[in-house]
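By convention in this document, chain letters (A, B, ...) are assigned in the order of the sequence lines, proteins followed by strands, and residues within each chain are numbered from 1.
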4 protein chains.
Amino acid sequence: MSVHSEPGDRRPPISTPAQTAKQERILDAAVQVFAEKGFYNARVSDVAREAGVADGTIYLYFRSKDDLLIQLFESRMSAIIERLRVRLADAPSAAMKLRLFIELQLALVVEEPTLAEVLTVELRQSGKFMREYKAAKFGEYLDLIEEIIIAGQRDGEFVSGVDPRLVKRALFGALDEVSLYWLQGRAGGREPYALPAAAEQIWNVCARGILRTAGAPAVLEPSKEEP
Amino acid sequence: MSVHSEPGDRRPPISTPAQTAKQERILDAAVQVFAEKGFYNARVSDVAREAGVADGTIYLYFRSKDDLLIQLFESRMSAIIERLRVRLADAPSAAMKLRLFIELQLALVVEEPTLAEVLTVELRQSGKFMREYKAAKFGEYLDLIEEIIIAGQRDGEFVSGVDPRLVKRALFGALDEVSLYWLQGRAGGREPYALPAAAEQIWNVCARGILRTAGAPAVLEPSKEEP
Amino acid sequence: MSVHSEPGDRRPPISTPAQTAKQERILDAAVQVFAEKGFYNARVSDVAREAGVADGTIYLYFRSKDDLLIQLFESRMSAIIERLRVRLADAPSAAMKLRLFIELQLALVVEEPTLAEVLTVELRQSGKFMREYKAAKFGEYLDLIEEIIIAGQRDGEFVSGVDPRLVKRALFGALDEVSLYWLQGRAGGREPYALPAAAEQIWNVCARGILRTAGAPAVLEPSKEEP
Amino acid sequence: MSVHSEPGDRRPPISTPAQTAKQERILDAAVQVFAEKGFYNARVSDVAREAGVADGTIYLYFRSKDDLLIQLFESRMSAIIERLRVRLADAPSAAMKLRLFIELQLALVVEEPTLAEVLTVELRQSGKFMREYKAAKFGEYLDLIEEIIIAGQRDGEFVSGVDPRLVKRALFGALDEVSLYWLQGRAGGREPYALPAAAEQIWNVCARGILRTAGAPAVLEPSKEEP
DNA sequence: GATGAATGAGCGTTCATTCAT
DNA sequence: GATGAATGAACGCTCATTCAT
């Protein structure tokens, strides 16, 4: 498999006004198929069948199977980022933004588990070759966290002793793994914890840590009653 | 394979005393190759060449390419778990154990980055089919965290408001992602943070959270000066 | 094949009106190749080259190499059985039918020696696994003989002291071996007997036996002058 | 696979006085294994395991897997031919000899079904490459029949209108196929006819044919009461 | 002589991609 | 643009054969 797209590729991505609906159909089908079988075990013809198009049609909209995964990632991440941006704008403080981010992130997993599965599990799967492509949108996503941390530190809400670049990674990893476990438990008939409750717990740990100490409340109040 | 092959044909794993060195050679080679190319993009003959054996020799020790990955995981995880257990036994408190766990975990990444790469990145890659096999050793690994949390809650060191099953996942995910980013940055010429320093920051967040509040020190002292 | 493949993945046989010509091309090629090299020594790519298609194309029409052999057998035997049925319908008596069967059978070997070679030699070759598949069409073929014997016994033309199930086997075996020898002699530059003449002799032995006895003509007259 | 033995082959067949017992053990094992799985589906290591020797030991006694089959054939056929010769010498007439041949042949199948299976089924299987090797011993075997026929014709016992070269083939084929069916039925839980009774019927057909005619007994008396 | 671990050529099968219709 | 039959490179795995011990 060619990992890197050739510069001389003949088939440029198409963006006809109405026929992009078909491109979207293919992307939706890819989400389903990749979530079910994994990227490497999914065949292009599986995606085609799921999308109700011919195998060759895939190649009118995507350069390759790899490109399908990349565009899937770009497309879905853009929507998620946009949505998060809008929602986060309303939160009055960095703490509230961060808490909301956690809640929204896990809510997304509940609302669109199939998409979440592909984004969390299968995107890692593509290993080496995805890393270059992933960077753009994935970095933008992570920057949402970083911006919150930086703002919180600047405004004195957050301690300054932590590197925002580290925290964004750690928080993303925590949410990702918690989501993954929930998704897999969902498929395997296991139900370890409710994701909304998990969001609250994760926030609490982020906010106050797990050490029991005098003079500091162990848990923050729920978001609705926040002053 | 043709219609005629009996299911019982499978070559059982060998465990000759001295020749198991060859099995180990193959596993080491697999770590290198899978880390470099990813499981799905690695060919069995790549592993054979790296191990300095013929292709067919692989199949004297492993049932299939999949089995090679599974045994790799089992073998390496067992060693890591054992090592962690021994080191953690010395720590005097749950807090110290947890801090040590984080440090040791990230130290492992620095010491054996190739192994870490396979364990964090490529094992997720095998997607659906690895999940069953992964369970055993991976669960054992996660239980190391869970046990620390439970003990800490029982002894009053940790707050009781968090589900240990959730925390173990979240912490693992955080460490995993932080490791992954460090590993990838290493390959890509990027150097975002030193892993030992990252361990300290992660511990601080786990311990005290990121909220700046009066009456509680924002950062815990480094481990050497810990009472 | 890897662990992940669903059992239902199998490509079903296609039966597009015009493209079935390609299936026929492949079967013809398989007859040639199997006759020349034998089933086990023939490679799928040999058949593909002979048919003028790519290797993968074989698998658009046949599930496996084994399936190719099975379908070859079914297809060619069906045609032969049909042809025999039509020709045998005209024969006025059981004796004439049996004689005609022998003649037609050996004539087929002369007309289509390559096909005959595969049918007599190579089909036996697939050993254990063909036995189940062979049963259907092969049994139907043998029943042509059995029906003639039974009718002849019922009508008093044939002696009743022989088991039709035995005779059909014995006659088939005799014809098969005689054909095989002729086919091999053909390839090896030997010419032991003309097959049409052999048909007459076999019929004579079947009809009257080889014992010379008074009161019964040792040989029956040729079929054209039969009253 | 190399079909033809190279003239430069290094390993000449061995015939140490006592250790030939091991060669015999291997041949016996080969009979069992080839009968069970077929020549092409049997592995050399299967034969080695059955014989209780190491894989490599096979190659101390046989040049190749093919050679093992050839020597198996030569060895077993020699024994059978010798045995038949001795028994046939006692028969007083050509007719009695032929009848005895049929009886002995089918008796052998009952006595040593495994050997019979290999000889009738699996030897055909080796297709092209066996043909050259087969000739010698197989021809000698067939000549037993031919000699009987020729003698019978010369002495006026048998009609002269049939080619002995043809009859030997036809009779062999009939016996072979009848044996094969019996052997397969034996494995498949079917029991179509007893082989001793089949011998009598086949002899009757050979002797007198199946046509019912006045002035000639339809069935010959059993062998004990033969004048 | 006997062993059996090691070899590596060989092959059946898959599937991303193309292109004639 | 859409199709899907055709392509053929690629790869996992097998097993006859060898050879160091």
Exercise for the section: Take A:D66 and A:F39 through the side chain to side chain contact (heavy atoms under 4.5 Å, CB included) test and state the conclusion after the steps. Expected result: CA-CA 9 Å; A:D66 286 353; A:F39 176 72; 3.5 Å; yes
Handout entry: side-chain contact (heavy atoms from CB on, under 4.5 Å) partners for A:A42, two or more places apart
Key =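 If we apply the side-chain contact (heavy atoms from CB on, under 4.5 Å) test to A:A42, skipping adjacent residues, the hits are A:V33, A:F34, A:K37.
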Let me know the distance between [atom1] of [X] and [atom2] of [N], rounded to the nearest Å.
X: A:L69; N: E:dA16; atom1: CG; atom2: C1'; result: 15 Å
X: A:I26; N: F:dG1; atom1: CD1; atom2: P; result: 12 Å
X: A:Y59; N: F:dA5; atom1: OH; atom2: C1'; result: 15 Å
X: B:I58; N: F:dC15; atom1: CD1; atom2: C1'; result: 17 Å
X: B:F62; N: F:dT14; atom1: CZ; atom2: C1'; result: 18 Å
X: B:F39; N: F:dC11; atom1: CZ; atom2: P; result: 13 Å
X: B:K22; N: E:dG4; atom1: NZ; atom2: P; result: 16 Å
X: C:N41; N: F:dA16; atom1: CG; atom2: C1'; result: 13 Å

Please pick, from [options], the nucleotide with the shortest atom-to-atom distance to any side-chain atom of [X].
X: B:D55; options: E:dT17, F:dC13, E:dA5; answer: F:dC13
X: A:Y61; options: F:dG1, E:dA2, E:dT7; answer: F:dG1
X: B:K65; options: E:dA5, F:dG12, F:dA6; answer: F:dG12
X: D:L60; options: F:dT7, E:dT13, E:dG1; answer: E:dG1

Practice task
Would you give the length of the straight line joining atom OG1 of A:T20 to atom OH of A:Y61, rounded to the nearest 0.5 angstrom?
Solution key: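 If I round to the nearest 0.5 Å, the distance is 7.5 Å.
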Problem - Partners passing salt bridge (charged side-chain N to carboxylate O under 4.0 Å, His left out) against C:D55 (at least two apart in sequence or in another chain) - result: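 With sequence neighbours excluded, C:D55 shows a salt bridge (charged side-chain N to carboxylate O under 4.0 Å, His left out) to no residue whatsoever.
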Problem - With sequence neighbours excluded, residues passing salt bridge (charged side-chain N to carboxylate O under 4.0 Å, His left out) with D:R49 - result: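 Listed in chain order: D:D46.
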Practice task
Decide yes or no on side chain to side chain contact (heavy atoms under 4.5 Å, CB included) for C:F62 and C:L27, but give the supporting numbers first.
Solution key: CA-CA 10 Å; C:F62 304 94; C:L27 284 175; 3.8 Å; yes
Exercise for the section: Could you walk me through whether D:R43 and D:E36 pass salt bridge (Lys or Arg N to Asp or Glu O under 4.0 Å), step by step? Expected result: CA-CA 12 Å; D:R43 283 164 288 170; D:E36 191 190 340; over 6 Å; no
Exercise for the section: Identify the heavy atoms of D:A30 and D:L72 that sit nearest to each other, and give their distance. Expected result: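 In terms of heavy atoms, the two residues are closest at CB-CD2, 4.4 Å.
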Handout entry: Heavy-atom closest contact (D:V47 atom, D:A29 atom, distance)
Key =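 Closest pair (atom of D:V47, atom of D:A29, distance): O-CB, 3.6 Å.
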Problem - Pairing stems for DNA chain E [at least three consecutive pairs; Watson-Crick or G-U; under 3.5 angstrom] - result: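 DNA chain E stems, ordered by first number: E:2-21 with F:2-21.
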Practice task
Map B:T57 and D:G56 onto DNA chain F by nearest heavy atom, then report which one ends up closer to the 5' terminus.
Solution key: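 By nearest-heavy-atom nucleotide position, the 5'-most residue is B:T57.
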Exercise for the section: Residues of residues 43-54 of chain B with any non-hydrogen atom less than 4.0 angstrom from an atom of DNA chain E: list those, numerically ordered, please. Expected result: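 The stretch gives B:V53, B:A54 as the residues lying under 4.0 Å from the strand, ordered by number.
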